[in-house]
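Letters go in sequence order (proteins before strands), and every chain restarts at 1.
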2 protein chains.
Amino acid sequence: MLNESPSLDRVFHALADSTRRAMVERLALRPMSVSELASPFAMSLPAVMQHLAVLEESGLVRSHKAGRVRTCRIDTETFGLVERWTADCRSEWEGRLDKLEDYVNTLKGQQK
Amino acid sequence: MLNESPSLDRVFHALADSTRRAMVERLALRPMSVSELASPFAMSLPAVMQHLAVLEESGLVRSHKAGRVRTCRIDTETFGLVERWTADCRSEWEGRLDKLEDYVNTLKGQQK
DNA sequence: GGAATACTTAAGTGCATGCTTAACGAATCA
DNA sequence: TGATTCGTTAAGCATGCACTTAAGTATTCC
């Protein structure tokens with residue numbers, strides 16, 4: 001299993017906060033400005049900016065500024081990191097279960 | 001999108017630490033005792049126990065004790081939570097891109 | 001029974017995280 | 001030009017996290 005720990009640390013940590021996940025869910029609907037993104041959250045704008053910084057450092061979100069407006073969008077490529085890691089773990093485990101099943105079947109065959 | 005925040009918080013937080021991810025990767029190979037699980041890590045056993053507690057509370061790992069040995073195994077069902085959430089975000093986003101593409105194609109058609 | 005094994009609990013420490021308020025900067029509008 | 005809007009920076013604070021060491025508690029082995 002390939003070890004991309006530093007970025008996986010960042011990605012999972014970014015997603016471990018429900019405010020940040022809600023921000024990602026909002027940005028999955030469409031790109032939006034910082035203040036529009038912030039509007040449903042009962043916290044100060046600097047707090048939202050800090051969450052946004054965490055999301056950007058993780059690679060889950062990108063943004064660019066035009067005039068005084070910063071527009072944010074999600075970057076689905078980074079979601080691939082998460083999906084790949086979990087799928088790798090799962091397939092390793094399920095492959096093992098299959099081999100175990102084969103082994104049990106072999107034993108059953110020998111008993112006859 | 002269904003909001004399973006409390007458990008998603010726990011699951012993502014559990015996976016945000018490289019030691020805990022390495023523990024999960026080890027347990028994906030096969031179930032093992034606490035001390036075997038702990039053996040490759042350069043930290044005290046209590047530290048490993050604390051990581052294990054986080055993993056168990058998240059539902060990613062289960063364990064049971066027989067005699068003085070506690071055996072740990074991963075629970076792939078909980079991985080489904082992660083996979084579902086990320087897939088939901090991705091499909092929401094990609095659905096939007098498709099609709100945008102349709103719209104662009106409509107405009108192109110109108111130009112002719 | 002006594003020693004070794006396999007965990008478990010408790011308490012403490014230093015650093016990271018998630019906020020806050022209070023300014024400040026820069027683009028747009030009247 | 002002056003006011004407003006949109007975002008940014010800085011500083012501070014309470015809480016949480018990832019460890020540590022030290023001292024337990026059951027089991028199993030000899």
Tell me which of A:Ala42 and A:Ala66 sits closer to the 5' end of DNA chain C, going by the nucleotide each one is nearest to.
->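 This one resolves to A:Ala42.
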
DNA chain C: A:Ser44 or B:Glu36, which has the more 5' nearest nucleotide?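 Upstream on the strand: B:Glu36.
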
Side chain of [X] (C-beta onward), nearest among [options]:
{"X": "A:Pro46", "options": "C:dC7, D:dT9, C:dC19", "result": "D:dT9"}
{"X": "B:Thr19", "options": "D:dA22, D:dC19, D:dT8", "result": "D:dC19"}
{"X": "B:Ser35", "options": "C:dC7, C:dT20, D:dT21", "result": "C:dC7"}
{"X": "B:Val69", "options": "D:dA22, C:dC7, D:dG7", "result": "C:dC7"}
{"X": "B:Arg68", "options": "D:dT8, D:dC29, C:dC7", "result": "D:dC29"}
{"X": "B:His13", "options": "C:dT8, D:dC17, D:dT5", "result": "D:dC17"}

Output the rounded distance in Å from [atom1] ([X]) to [atom2] ([N]).
{"X": "B:Met49", "N": "D:dT25", "atom1": "CE", "atom2": "C1'", "value": "12 Å"}
{"X": "A:Gln50", "N": "C:dT20", "atom1": "CD", "atom2": "C1'", "value": "9 Å"}
{"X": "A:Asp9", "N": "D:dA18", "atom1": "CG", "atom2": "P", "value": "11 Å"}
{"X": "B:Arg20", "N": "D:dA18", "atom1": "CZ", "atom2": "C1'", "value": "8 Å"}
{"X": "B:Met23", "N": "D:dA18", "atom1": "CE", "atom2": "C1'", "value": "13 Å"}
{"X": "B:His64", "N": "C:dA6", "atom1": "NE2", "atom2": "C1'", "value": "15 Å"}
{"X": "B:Lys65", "N": "C:dT5", "atom1": "NZ", "atom2": "P", "value": "17 Å"}
{"X": "A:Met43", "N": "D:dA14", "atom1": "CE", "atom2": "P", "value": "19 Å"}

Taking OP1 and OP2 of D:dC17, is either one under 4.0 Å from a side-chain nitrogen or oxygen of B:His51?
->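 No, outside the criterion.
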
**OP:** Give me the one residue out of B:Leu52, B:Val69, B:Thr71 that meets side-chain contact (heavy atoms from CB on, under 4.5 Å) with B:Val34.
**Re:**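 Running side-chain contact (heavy atoms from CB on, under 4.5 Å) over B:Leu52, B:Val69, B:Thr71 with B:Val34 returns exactly one hit, B:Leu52.
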
Are any non-hydrogen side-chain atoms of A:Glu25 and B:Trp85 less than 4.5 angstrom apart?
->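 They are in side-chain contact.
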
Would a 4.5 Å heavy-atom cut-off, applied to side chains only, mark B:Met23 and B:Pro40 as touching?
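Result no, sub-4.5 Å side-chain heavy-atom pair not found.
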
Problem - A:Trp93 six-ring centre to A:Arg96 NZ/CZ under 6.0 Å and within 45° of normal - result: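 Here A:Arg96 passes the 6.0 Å and 45° test against A:Trp93.
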
Run the salt-bridge test on B:Glu36 and B:Arg30 with the 4.0 Å N-O cut-off and return the result as yes or no.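 Judged by the 4.0 Å cut-off on N to carboxylate O distance, B:Glu36 and B:Arg30 do form a salt bridge.
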
